[in-house]
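One structure is given below, encoded as structure tokens.
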Number of protein chains: 2
Amino acid sequence: MPSPEKSLDEKLRRLERFCKSSGMKLTHQRLEVFRELALATDHPSAEILHRRLQLRLPTLSLDTVYRTLATLEEHDLVARIQTTESQARFEVQEQIHHHLICDSCKKIVDFHWPDFDRIPLPEELSSWGAITHRKAILHGRCRHCS
Amino acid sequence: MPSPEKSLDEKLRRLERFCKSSGMKLTHQRLEVFRELALATDHPSAEILHRRLQLRLPTLSLDTVYRTLATLEEHDLVARIQTTESQARFEVQEQIHHHLICDSCKKIVDFHWPDFDRIPLPEELSSWGAITHRKAILHGRCRHCS
DNA sequence: CTTTTAAATAGGAAAATTTCCTATATAATA
DNA sequence: TATTATATAGGAAATTTTCCTATTTAAAAG
């Protein structure tokens, strides 16, 4: 993640503060799962986190990692990357378009956004490699779910 | 999908053309899986497609639907929406940022893109509901994989 | 229109991922 | 320290996806 970044301590304090105010218990396991994820720079899966944590917490269950991540995600302390639900979803390849997803009913709407297709990419990405395509994903709550 | 849209016939001809030129066999099952997905507007999962197709093709196996979608995806005739791999991946919630994914090694890089964060959304979305956040996903091939 | 053959399919089994169940343990509070 | 609601471990179960193999079929050749 590019700077400016919060320090680990700041992140841990945020978790602590949140638990206190929401009544969520700050268990050893939760703290460690969060800390491990906060330290990671590689967007790990639940299983990878579990494997890393088992070195320190040999009895930690995989279920706890899943549960903790889900709980923290509900409270926006953790983000799940790029997945809708459990099942993958498909579409016939069309011309360039983007997706608008209702977080409530999970319906996906396609739309065009030529202005986005055109804006230049950030300078900092020029050395990364070859970028082949870009996509915008919008989230919200559709009319019917409000 | 907003217009202009290709007609179903055009899409089917594209599939046919592709099969011919690539040596891929145009089986009845492939044609029907593709047709069903081309007609769908709801970005269905493999299982939903299978359920719909079973009305017409009672012996169609779920595995064939999965295999067909995977094959067509490899050739860019079908797109898988918003999933990286099989396992979900996580990160601690930071300030607004976006993702750049290497299609080869699957590494995810975070980056900032204030210009994107600022551009106005398309007019056509104003009646959809309440859009709460936007995210850009870039794909490509990183330096190390080239 | 047959024959040939490499590729694809059906169906069930297996693998992989995630969630559920329940007895036990623990954080927060009194 | 006692109480209690919540969280955990561990294994079972559910869900999603892929694999295996005998059979079928599309495409090409005769």
Side-chain angles (χ1 to χ4, degrees), chain A residues 12 15-37 43-51 53-75 77-78 80-90 106, chain B residues 12 15-37 43-51 53-75 77-78 80-90 106:
Chain A
L12 292 177
L15 174 66
E16 208 170 334
R17 225 178 319 123
F18 182 81
C19 288
K20 208 144 251 170
S21 73
S22 74
M24 192 172 111
K25 284 187 184 172
L26 185 50
T27 63
H28 185 42
Q29 290 92 334
R30 272 179 186 162
L31 184 64
E32 290 304 315
V33 168
F34 183 84
R35 189 213 304 282
E36 191 69 36
L37 185 59
H43 310 84
S45 67
E47 207 189 339
I48 287 175
L49 277 178
H50 180 242
R51 196 148 45 215
L53 285 160
Q54 276 201 312
L55 302 173
R56 279 184 283 143
L57 308 174
T59 68
L60 181 72
S61 79
L62 180 56
D63 183 42
T64 295
V65 178
Y66 273 108
R67 253 185 308 98
T68 300
L69 291 172
T71 306
L72 297 178
E73 188 194 3
E74 271 170 38
H75 296 108
L77 292 163
V78 156
R80 180 185 302 254
I81 295 175
Q82 282 244 113
T83 43
T84 40
E85 299 129 281
S86 47
Q87 286 189 323
R89 294 172 64 173
F90 300 87
K106 311 297 180 194
Chain B
L12 293 177
L15 174 66
E16 207 169 338
R17 224 179 318 123
F18 181 81
C19 286
K20 208 143 249 169
S21 73
S22 74
M24 193 172 109
K25 284 186 186 174
L26 185 50
T27 62
H28 185 43
Q29 290 91 332
R30 272 179 185 164
L31 184 64
E32 291 302 314
V33 169
F34 184 84
R35 188 213 304 281
E36 192 70 36
L37 185 60
H43 310 85
S45 67
E47 207 190 338
I48 288 176
L49 276 178
H50 180 241
R51 197 148 46 213
L53 284 160
Q54 276 200 312
L55 301 174
R56 280 184 282 143
L57 308 174
T59 68
L60 181 72
S61 79
L62 180 58
D63 182 42
T64 295
V65 177
Y66 273 107
R67 254 185 305 99
T68 300
L69 291 172
T71 306
L72 296 178
E73 188 194 2
E74 272 170 38
H75 296 107
L77 292 163
V78 156
R80 180 182 303 252
I81 296 175
Q82 283 246 113
T83 44
T84 39
E85 299 128 281
S86 46
Q87 287 190 320
R89 293 170 66 172
F90 300 87
K106 311 296 182 195

Please give me the minimum heavy-atom distance between [X] and [Y], naming the atom from each residue.
X     : Y     : value
B/A46 : B/V65 : O-CG1, 3.6 Å
A/L77 : A/F34 : O-CE1, 3.9 Å
A/V78 : B/F90 : CG1-CD2, 4.0 Å

Seminar exercise, completed: B/H28 meets the ring pair (Phe, Tyr, Trp, His ring centres under 6.0 Å) criterion, sequence neighbours left out, with none
Problem set entry | ring pair (Phe, Tyr, Trp, His ring centres under 6.0 Å) partners of B/H50, counting only residues at least two apart | none
Nearest-Å distance for atom pair [atom1]/[atom2], residues [X] and [N]:
X     : N      : atom1 : atom2 : value
B/L60 : D/dT24 : CG    : P     : 17 Å
A/E16 : C/dA28 : CD    : C1'   : 13 Å
A/H50 : D/dT8  : NE2   : P     : 12 Å
A/R30 : C/dA28 : CZ    : P     : 10 Å
A/L31 : D/dT6  : CG    : P     : 21 Å
B/F90 : C/dT17 : CZ    : P     : 13 Å
A/R80 : C/dT19 : CZ    : C1'   : 12 Å
B/I48 : D/dT16 : CD1   : C1'   : 13 Å

Problem set entry | First of B/T59 and B/G23 reached from the 5' end of DNA chain C, by closest nucleotide | B/G23
For this session: Please list all pairs passing the salt bridge (Lys or Arg N to Asp or Glu O under 4.0 Å) test where one or both residues lie in residues 19-34 of chain B, with sequence neighbours left out.
Result: B/E32-B/R35, B/E32-B/R56
For this session: Could you list the residues that satisfy side-chain contact (heavy atoms from CB on, under 4.5 Å) with A/T64, not counting sequence neighbours?
Result: A/Q29, A/L60, A/S61, A/R67, A/T68
Problem set entry | With sequence neighbours excluded, residues passing side-chain contact (heavy atoms from CB on, under 4.5 Å) with B/T59 | none
Problem set entry | B/L69 vs B/L37 side-chain heavy atoms within contact, under 4.5 Å | yes
For this session: Any chance you could list the contact pattern along nucleotides 21-27 of chain C? Use B for base contacts, S for sugar-phosphate-only contacts and - for none, protein heavy atoms under 4.0 Å, 5' to 3'.
Result: B----BB
Seminar exercise, completed: As a check of understanding: the bend across the helix from C/dC1-D/dG30 to C/dA30-D/dT1, end axes from five pairs, rounded to 10 degrees, works out to 40°
For this session: With heavy atoms under 4.0 Å as the rule, sort B/L62 into base, sugar-phosphate or nothing.
Result: base
Seminar exercise, completed: Rounded to the nearest 0.5 Å, the OG atom of A/S45 sits from the CD1 atom of A/I81 at a distance of 11.0 Å
Exercise. Which residues within residues 68-75 of chain B lie with some heavy atom under 4.0 Å of an atom in DNA chain C?
Worked result: none
Seminar exercise, completed: Residue set satisfying side-chain hydrogen bond (donor to acceptor under 3.5 Å, both in side chains) with B/E73, at least two apart, ordered chain then number -> B/R80
